[in-house]
Each structure stands twice: as structure tokens, then as C-alpha cells.
Amino acid sequence: MARTPQDITDAELDVLQLLWKHGPLPIRRLTDLLYGDSKTSQYATVQKLLERLESKECVARNRTANVHVFSATIERDELVGRRLRAVAEDLCDGSWTPLLTNLVQTKKFSEQDRRMLRHLIDDHEAGTPKKDRRERK
């Protein structure tokens, strides 16, 4: 079942970044990673962020132990794609050309990046499935 795109706030994104980097974590550990020496109010903030992410189906809660552990259920690539599509719609009438042109003109790509981009374009034109393209990285 496809997820309904919902906006992710910057604070929610900070939580997702930690879950992508560290894997499943309890609230206390997330709070410590976000705030250092955390206070009760910061713990409550992280708890609320997790509840919102859970309602957006971006995190899942494992309730099998006394301490609930949260994990990301949305992959970074999925969120990147969602946000890029939204930018293309909002700023470029749905066209990807201005986004890609801007990236190419303002960023210096390494040889590896250029090679990967060429493979992506070639594979896309040939109809190669996305999974196969990722294996070439």
C-alpha cells in the first residue's frame, strides 16, 4: 500500500536522520543524541516527534520490551524523492529540468559521481529496474 505523502518537519527529519544512521533506538537514546545532557522536557519533545512520525507511518515502535524501540520505516531515498517531486511541482511546474540543470551548473561532480549519473541515465533510457541501478554504485 502506497504511503500518502505528508510533510516532514526539520525536527522530525533530525530524528529520522539518527534512526537511519544508528538503526532502531529507544526514546532516551534519541533524546541524548539530539540534545546531549537531556531534560524531561526534551524527552517529551522527542516522544511527541516520534508519535507524529508514527502517525505519518515513517517510524515503527517495537513494544515487545519494557523500553519501546523505534525504527525508521521510510528510507532516505524515498523521502528524498518525495521532497524533490514536491520542489519540482512547486517551483518548476512539475519539470525536473530546472532542478537537474541547477545541480549540474552549481556542483562539481567527482568522476565517480559522473560515472554513476551516466549509468543512471543510460539505465533509465534502457528501462533497467531501479534496484539494478543501485547495485552499480
Open item on the list: Checking Lys21 now: which residues fulfil salt bridge (charged side-chain N to carboxylate O under 4.0 Å, His left out) with it, not counting sequence neighbours?
Closed with: none
Task: For Glu54, side chain to side chain donor-acceptor pair (under 3.5 Å) partners two or more places apart - done: Arg61
Task: Rounded distance (nearest 0.5 Å) linking atom CD1 of Ile27 with atom CG of Asp32 - done: 12.0 Å
Task: Connected-component partners of Leu99 among ILVMFWY, side-chain separation under 4.5 Å - done: Val80, Leu84, Val87, Leu91, Trp96, Leu100
Open item on the list: Which residues pass the side chain to side chain donor-acceptor pair (under 3.5 Å) test with Gln17, not counting sequence neighbours?
Closed with: Arg76
Open item on the list: Is there a path of hydrophobic side-chain contacts, each under 4.5 Å between heavy atoms of I/L/V/M/F/W/Y residues, joining Val69 to Leu33?
Closed with: no
TODO: Starting at NE2 of His119, measure out to CZ of Arg114 and round the result to the nearest 0.5 Å.
DONE: 12.5 Å
TODO: Of all the heavy-atom pairs spanning Leu16 and Cys58, show the shortest one and how long it is.
DONE: CD2-O, 3.8 Å
- [ ] State the CG-CE distance between Asp113 and Met116, to the nearest 0.5 angstrom.
- [x] 6.0 Å
- [ ] Please lay out, stage by stage, how Ile74 and Lys56 fare under the test side chain to side chain contact (heavy atoms under 4.5 Å, CB included).
- [x] CA-CA 10 Å; Ile74 185 172; Lys56 295 176 183 182; over 6 Å; no
Open item on the list: Measuring from atom CZ of Arg52 to atom CD1 of Ile8, what distance do you get when rounded to the nearest 0.5 angstrom?
Closed with: 9.5 Å
Open item on the list: Could you walk me through whether Phe70 and Val46 satisfy the side chain to side chain contact (heavy atoms under 4.5 Å, CB included) test, starting with their C-alpha distance in whole Å, then the side-chain angles of each, then the deciding distance to 0.1 Å, before giving a yes or no?
Closed with: CA-CA 11 Å; Phe70 292 82; Val46 174; over 6 Å; no
TODO: Determine the minimum heavy-atom distance between Phe109 and Leu103, stating which atoms define it.
DONE: CE1-O, 3.8 Å
Task: Partner set under side chain to side chain donor-acceptor pair (under 3.5 Å) for Asn62, not counting sequence neighbours - done: Thr64
Task: Residues which pass side-chain contact (heavy atoms from CB on, under 4.5 Å) with Ala60, listed by chain and number, not counting sequence neighbours - done: Ser71, Thr73
Open item on the list: Please give me the minimum heavy-atom distance between Leu19 and Leu25, naming the atom from each residue.
Closed with: CD2-N, 4.0 Å
TODO: Mind checking salt bridge (charged side-chain N to carboxylate O under 4.0 Å, His left out) for Arg83 and listing every partner two or more places apart, or none if nothing turns up?
DONE: none
Task: Candidate list Leu50, Asp7, Leu49, test side chain to side chain contact (heavy atoms under 4.5 Å, CB included), partner Glu12, passing option - done: Leu49
Task: Leu53 side, atom CG; Leu13 side, atom CG - distance, nearest 0.5 Å - done: 9.0 Å
Task: Straight-line distance of Gln42 CD to Gln47 CD, nearest 0.5 Å - done: 14.0 Å
Open item on the list: Could you work out, with side-chain contact (heavy atoms from CB on, under 4.5 Å) as the rule, every residue matching Ala86, not counting sequence neighbours?
Closed with: none
TODO: Answer yes or no: are there more than 12 heavy-atom neighbours, outside Asp93 itself, under 6.0 Å from its atom CG?
DONE: no
Open item on the list: Could you work out, with side-chain contact (heavy atoms from CB on, under 4.5 Å) as the rule, every residue matching Asn102, not counting sequence neighbours?
Closed with: Thr106
TODO: Search all heavy atoms of Pro98 against all heavy atoms of Cys92 and return the closest pair with its distance.
DONE: CB-SG, 3.7 Å
TODO: Would you please name every residue forming a side chain to side chain donor-acceptor pair (under 3.5 Å) with Gln105, sequence neighbours left out?
DONE: none
